[in-house]
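All remarks here apply to the structure that follows.
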Protein chains: 2
Amino acid sequence: MAVTSQPAVPVADPEGRIALQRWLDGPHVEARDLVRDWLSDPDHAPRPDLEMAEHRELVLAWTKDLAASGGTSMGFPLKYGGAGDTAGFVSAFETLAMGDLSLLVKVGVQFGLWGGAVLQLGTERHHEAYLRDTMSVALPGCFAMTETGHGSNVQQLETTAVYDEATDEWVVTTPHEAARKEWIGNAACHGRIAAVFAQLSTKGEEHGVHAFVVPLRDEQGETLPGIRIEDLGAKLGLDGVDNGLIWFDEVRIPRENLLDRYAQVDRTGTYSSEIENPNKRFFTMLGTLIQGRVSVCGAAINATKVAQVIAVRHAETRHQFGPPGEPEVAIMDYRTHQRRLLPDIAKTYALHAAQETMVAELDAIFSGPASDEDVERRRKLETVAAGMKAIGTEHATNTIQECREACGGAGYLRANRFAALKADTDVFTTFEGDNTVLLQQAAKNLLTNYASEVGDLDPVGLASFFVGQAWETITEKTAIREALSRLADSVRDEEADLLDRDTQLDLLCWRADHLLETAAKRLKGGADEGLNAFDVLNRCQDHVVEVGRAFVDHLALKAFSERVAGCEDEHLRPILEKLVDMYALSVIEAERGWFQEHGRLSSTRSKAVTKAVNQLCDELREHAALLTEAYGVPETAFGDAHRVSQPADR
Amino acid sequence: MAVTSQPAVPVADPEGRIALQRWLDGPHVEARDLVRDWLSDPDHAPRPDLEMAEHRELVLAWTKDLAASGGTSMGFPLKYGGAGDTAGFVSAFETLAMGDLSLLVKVGVQFGLWGGAVLQLGTERHHEAYLRDTMSVALPGCFAMTETGHGSNVQQLETTAVYDEATDEWVVTTPHEAARKEWIGNAACHGRIAAVFAQLSTKGEEHGVHAFVVPLRDEQGETLPGIRIEDLGAKLGLDGVDNGLIWFDEVRIPRENLLDRYAQVDRTGTYSSEIENPNKRFFTMLGTLIQGRVSVCGAAINATKVAQVIAVRHAETRHQFGPPGEPEVAIMDYRTHQRRLLPDIAKTYALHAAQETMVAELDAIFSGPASDEDVERRRKLETVAAGMKAIGTEHATNTIQECREACGGAGYLRANRFAALKADTDVFTTFEGDNTVLLQQAAKNLLTNYASEVGDLDPVGLASFFVGQAWETITEKTAIREALSRLADSVRDEEADLLDRDTQLDLLCWRADHLLETAAKRLKGGADEGLNAFDVLNRCQDHVVEVGRAFVDHLALKAFSERVAGCEDEHLRPILEKLVDMYALSVIEAERGWFQEHGRLSSTRSKAVTKAVNQLCDELREHAALLTEAYGVPETAFGDAHRVSQPADR
């Protein structure tokens, strides 16, 4: 349906729109269209009028309906009725973000987090026991990782699971108030079972955080003995998701409930694992859950698209002020309005392209058989996913807000979706990893990559690493490259054309590399001064965060420009090339302070960047509707959007 | 109460906190404390649990209660039971923004907009008829300006008021759908009367937009003949305010209902006004309503304070990660967290100081007798208010979001006030003037000030002006100054101390001036090229917006630094001086791309700015709690804030 349905505001070139939508949809068009069709049913449209309790029940019903349509099972193995298609599942999930975001999160919890934990951390025994009922939503599940006292610092979780050899059981306990499980989706009302992350202890020895399957409620929905659950209640958004708090009071579960793909405990309580290093083991387990982060990034990008369509429709139909004696002008014609909308549209396209690349890599790693290569590839994917999730969700928050404001008062009506888009996506910046922590994690991976040493998530580990022996490897590798690079820079800088793609890529690449190299040096420098590792890191934490950001900026430009270079539509490619220019130059413009500081832009060229962005605003303005209508957002996603987009403007 | 009550998180220096609160409160401490006391009553605490209908009724009841306390009448004349104290009223109003923001807006509509229109645009007849009942809320009123088709462009409103000599009445009509009144606060449920802005027409001649008093409902709350009202329904926020749509179908009101301070119509339908120029008349009328804009800015600053207190309490009590083997570290100790919170706290202080200066000027103009000086002073105040409203409300939106994210998941509970703070303040950026339009208006005033000619609000007028004869005056005045300035700059630049207050003021002043001068030149240049005035302006609209922004940046630094220089507390002043440094340098850091482009910062010095901001983070970190607790936010304003600030962290 979606591709042929007429948008409320016709674009000048409807065929171009269809072609562009297909180009954007890429290889997983079927998964996307399946979800678009489902969302296009008026019964599945977002409902701003519901009370929390009604909303939660509707979302559960929708989840079951969607599961029956096949939209949520494609990521699971063929053996259990899935399609073994990770990329298809993520593409479908992303698209779901155009509708009610409570449904998106509920689906994420059930199939991605709970189902994903069973699939990735469990073994065949667990798959047999749980996957079919998980896929049909006969068994609603939870992912109980976060505790009140520990969100980002997962290694320090305090829930305990102690092996009792006498009964061949695990005893799961919440030792104190700060160790209660918090924010657990599906827990307050519907969850009957949970993957619980707890400190494994056997024979008096602790082995770190592992995942256990713990039943929460019986078939009648009654809480089981030893389990206490509280409803977290009303939230800022996502009220269709039943988040809860969970306490465990010596809850006994069979030994087999340890999700034991990476570590096993036998009848005598003896612990064994193929991965000897406990740190490495922990991060290997966590790494298998990467799909959640990738999915949230895609969801953020797609929620952003909804806001952009509404804002452009409004800007095309709303007229205000104009030359004396002439009709008022569409606000899309104003430079400031173009500045507010067009660079963000370019960024959405760039992130969409980068997301597609990331999903393909996720699929290659997780759909195929495991291989030796995987360790390196997984690590790289973790770096990309950490950075992309942070930048994608930040983009959603910023852009949805900008679009709301660009619609003036009309954007403030609850019926118009901005209320829900803002409130529901808000938490994306802090769940599935806090963005500030994630950017540091991406940076840390990049830094340790120099020495191809697998580090750990602890930020202090990063600094400790540089205090250690690995330093020499890095300086050797970078010193020569840097010297050569600087020499070349001074010559080429003033000559290169700002609209030349290689120049743009080179600038963003240089920034990413330079920030990385100098962060490494500062960490080393701090260590030389005798500061402790923690202080060394903290002293340049703002710099380290920029390493993560610059990495993604470059990555997205690369993905976007490659994707556009491959576009075979002679009509669309020139427009898309301009959009790549817009993305590249608006990033460079935002960072022009830094580029000047580092001698990569003269003051004259820096001003020229701003001029070029303005010029691109002029050139892309006529394509604003084409570019956003091609997102293929179902009309049901706009709510009562005519009150924004066609406000009786005559 | 407020000053002596113990904050939930004790600050190291409770006496210092009290002294700082008193210093911040300034001359209108009584008005502020009166509202703080009212808000501290648990019965007046924000209620996140209410349905819209209940919320609206509670807000009306609160408004009456607050009116009885005297907190809302002080701006009205002594003669009617007020205190003739404009500054006191605005200070009380600002403080109210620490509580339920629906109440704030309801109060603003009743006393500021409706009451203000009667007071400022009406004459004694209207004051006698309406003010007492307005002050007691016996007569709830509306301010019916905005229409669906025209928000920012008020001069083009389309509701008509035609004089009918036969009956000595005005006939008020909504000529078509886009001319319906929209977003009118108090209209959906409670309003019994309205100040309606309509195109005045008499004897077949149009005289532009004027305000008329139009009854809407009888004492039983029934809509009067010819009036149609629709409820706008649920909004993104502010659900305790009953916004509505109003249509007028040949509604007849007595001739006397024209608010006739600036223009009169006699029995024969003859129109007269002391102000001959219709443009000037229109903007004089609008200018008297400036208090609304000033009040919104103050409210935005105070809502921001609530978020900052919550975020700092959370940052001081939440511990996460830390040196190996040692206890986890308070997140306030992390550089990135300091970066997220401290520069914004400095900006809140700076805007608070600038707001105080602006309110004093408002008071001087509106509380005292009118004088010849007033035209110039009013115009200047309009410039400041337009810019300040834009920057203050933008700061609120950005900072509240940052604080929400800085509290992680805990900030996402509805009970914690972030939901309400975000949603309720969101519309501040677009009501009482869209921020983008307001920044242009500030810039336009600054540009036309050069030639001391009173311009009009139409952005095109601005460009037309430069196409005209006024140009020479400007170039003459600026050319010499600029030449001298540039000569001096090249010498002094590298020597000046970044922490020297004059250097900071000079940098921000130079930026404001230079943007203004170059905007003027570009407007002139475009005109020389033969472009029409509209295109000329549109081509540098992004530049013009920056003129407004840079003007406020400098203004706020000036107000803040002067206020701090006058602080007599030897203990507090050094802390506040650092905070001024933080404000100045974080603005300069944000604009360092521009300063380098314009040769005012070398690359080395630009990097030094970032270093200085980091250094200030280190130095101000220990004062974060002192600085925010001194805002004197009543504990009732935090909602269930212990779930953010003391999350069982042991």
Side-chain angles (χ1 to χ4, degrees), chain A residues 48 148-149 151-153 176-178 182-183 232-236 320-324 334-336 339 397 401 404-405 408-409 412-415 418-419 422-423 426-427 429-431 434 436 458-460 532-534 538-539 541-542 545 592-593 596-597 599 603 606-607 614 647-650, chain B residues 48 148-149 151-153 176-178 182-183 232-236 320-324 334-336 339 397 401 404-405 408-409 412-415 418-419 422-423 426-427 429-431 434 436 458-460 532-534 538-539 541-542 545 592-593 596-597 599 603 606-607 614 647-650:
Chain A
T148 299
S152 294
N153 194 355
H176 54 76
E177 202 51 20
E182 193 174 61
W183 287 103
L232 259 174
K235 302 187 293 294
L236 198 157
Q320 206 76 176
F321 298 109
Y334 287 94
R335 166 67 52 81
T336 47
R339 275 267 181 182
T397 296
Q401 180 64 30
R404 195 313 274 159
E405 294 180 24
Y412 199 65
L413 283 176
R414 201 180 306 167
F418 280 116
K422 267 191 63 165
D426 177 284
V427 78
T429 57
T430 48
F431 78 3
D434 174 88
T436 306
D458 177 0
V460 175
N532 72 51
F534 185 79
N538 201 15
R539 228 171 48 161
Q541 202 186 16
D542 55 318
V545 166
R592 67 198 210 277
Q596 289 179 82
E597 282 172 358
S603 59
S606 181
K607 288 180 188 170
N614 282 337
D649 242 345
R650 283 172 304 161
Chain B
T148 300
S152 294
N153 194 355
H176 54 76
E177 202 51 18
E182 194 174 60
W183 285 104
L232 260 173
K235 302 186 293 292
L236 198 159
Q320 207 77 177
F321 297 110
Y334 286 95
R335 166 68 53 80
T336 47
R339 274 269 183 182
T397 296
Q401 182 64 32
R404 196 314 273 160
E405 295 180 24
Y412 199 64
L413 283 176
R414 200 179 307 166
F418 280 116
K422 265 191 65 163
D426 177 283
V427 79
T429 57
T430 49
F431 79 3
D434 174 89
T436 307
D458 177 0
V460 175
N532 72 51
F534 185 80
N538 201 15
R539 229 173 45 164
Q541 203 185 15
D542 55 319
V545 166
R592 69 198 208 277
Q596 289 178 83
E597 282 172 358
S603 58
S606 181
K607 290 179 186 169
N614 282 338
D649 241 345
R650 284 171 305 161

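Only heavy atoms go into these numbers, but all of them, side chains included; no hydrogens, no water, no symmetry mates. Labels below follow one simple rule: chain letters A, B, ... track the order of the sequence lines, proteins then strands, and each chain is numbered from 1.
No part of A:Phe431 comes within reach of chain B, as not one of its non-hydrogen atoms sits under 4.5 angstrom from that chain. For B:Asn538, the parts lying near chain A are the backbone and the side chain together; criterion is any non-hydrogen pair under 4.5 Å. Contacts of B:Ala423 with chain A are made by backbone atoms alone, with heavy-atom separations under 4.5 Å and no side-chain atom involved. Interface residue A:Thr436: only side-chain heavy atoms are found under 4.5 Å from chain B. Interface residue A:Arg404: only side-chain heavy atoms are found under 4.5 Å from chain B.
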- What's the verdict on side chain to side chain contact (heavy atoms under 4.5 Å, CB included) for B:Glu177 and B:Thr148, showing C-alpha distance, side-chain angles and the deciding distance? CA-CA 8 Å; B:Glu177 202 51 18; B:Thr148 300; over 6 Å; no
- Message: Test side chain to side chain contact (heavy atoms under 4.5 Å, CB included) on A:Phe321 and A:Tyr334; report intermediate values, then the result.
- Response: CA-CA 10 Å; A:Phe321 298 109; A:Tyr334 287 94; 3.2 Å; yes
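Rounded to the nearest 0.5 angstrom, B:Thr429 OG1 and A:Tyr412 OH are separated by 9.5 Å. The distance from the CG atom of A:Asp426 to the NZ atom of A:Lys235 is 12.5 Å, given to the nearest 0.5 Å.
Closest approach of B:Pro48 and B:Ala415 over heavy atoms only: CG-CA, 4.4 Å. Shown here for A:Ser606 and B:Glu597, the closest heavy-atom pair between the two residues is OG-OE2, 2.5 Å.
Heavy-atom pairs under 4.5 Å with chain A were tallied for B:Thr397, B:Asp434, B:Val427, B:Asn614; the largest tally goes to B:Val427. Options B:Lys422, B:Gln596, B:Arg339, B:Gln401 differ in how many heavy-atom pairs under 4.5 Å they form with chain A, and the most are formed by B:Gln596.
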